[in-house]
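The next block holds one structure in the form of structure tokens; read it before the comments.
Because the structure is a prediction, the values reported are computed rather than measured.
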Amino acid sequence: MEPELLAEDAIPAGDPFGLFDDWLAEARETEINDPTAMALATASAGGAPSVRMVLLKGHGADLGPGGGFVFYTNQESRKAGEIAANPQAALLFHWKSLRRQIRIEGQLEPVSAADADAYFASRARDSQLGAHASDQSAPMGDRREFLDRFEEVRKRYEGKPVPRPEHWGGYRLVPQAMEFWHDRPFRLHERRRFTRRGGSWASSLLYP
């Protein structure tokens, strides 16, 4: 059998956060657009699923108790409503250029107002204005309606800092499981699943 198919060091056991850092660093070098893009899957209180792409805006083992993965959104959106009703969620990173993916499962909790303020202040000004102008997920008559609202907000804050809207904030997914997948020839892929066990992580290889 080919040595590449026998090798098991593409997904080493140990620290899943460190492995995530390594893979993300490689993705930043190879992915053409948005290496931090991730699919966020949530479900309603009744269990109806939905999924959408969001951007990772913070991550690490020291990012609060249990570590985590952070994203920001309008907290009056559909996703925020589902998170309030059912805070269990899953993330998926797929880096096609590297032929790798990472699945992360856990519970979501809000980030602090101070953290949300700090991140909002770092955004491009037009993105800040757009957060005020958009009623995310709500029905809209036509695109002109949204652009008119954007222009009204732009004039309102002309020459002034744009404050973070009260309905805009962030969430941290605290992982309970992290699964790394690496492509192999002939679909003989490599998978390793890490599961939190108290303050440490256990892991095992999975059949692809």
Is the [X] ring parallel, tilted or perpendicular to the [Y] ring (thresholds 30°, 60°)?
| X | Y | answer |
| --- | --- | --- |
| H132 | F120 | perpendicular |
| F69 | H59 | parallel |
| F194 | F180 | perpendicular |

Is [Y] reachable from [X] through a run of I, L, V, M, F, W or Y residues, each pair having side-chain heavy atoms under 4.5 Å apart?
| X | Y | answer |
| --- | --- | --- |
| W201 | F93 | yes |
| M178 | L92 | no |
| V54 | Y72 | no |
| F17 | W95 | yes |

Rounded to the nearest 0.5 Å, what's the gap from [atom1] on [X] to [atom2] on [Y]? Could you check?
| X | Y | atom1 | atom2 | result |
| --- | --- | --- | --- | --- |
| Q101 | E179 | CD | CD | 7.5 Å |
| L108 | F71 | CG | CZ | 5.0 Å |
| W23 | R100 | CH2 | CZ | 5.0 Å |
| L173 | Q88 | CG | CD | 8.5 Å |
| L24 | L56 | CG | CG | 7.0 Å |
| R193 | S203 | CZ | OG | 11.5 Å |

Can you tell me if R52 has over 12 outside heavy atoms packed within less than 6.0 Å of its CZ?
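Counting other residues, nucleotides and ligands, CZ of R52 exceeds 12 neighbours.
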
For W168, is there any backbone N or O sitting under 3.5 Å from a side-chain donor or acceptor partner on R164?
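Yes; judged by distance alone, with no hydrogens or angles, the pair exists.
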
Run the salt-bridge test on D135 and R149 with the 4.0 Å N-O cut-off and return the result as yes or no.
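R149 and D135: salt-bridged.
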
Carboxylate-amine/guanidinium proximity below 4.0 Å for K155 and E158
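Between E158 and K155 there is no salt bridge, as every charged N stays at least 4.0 Å from the carboxylate O atoms.
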
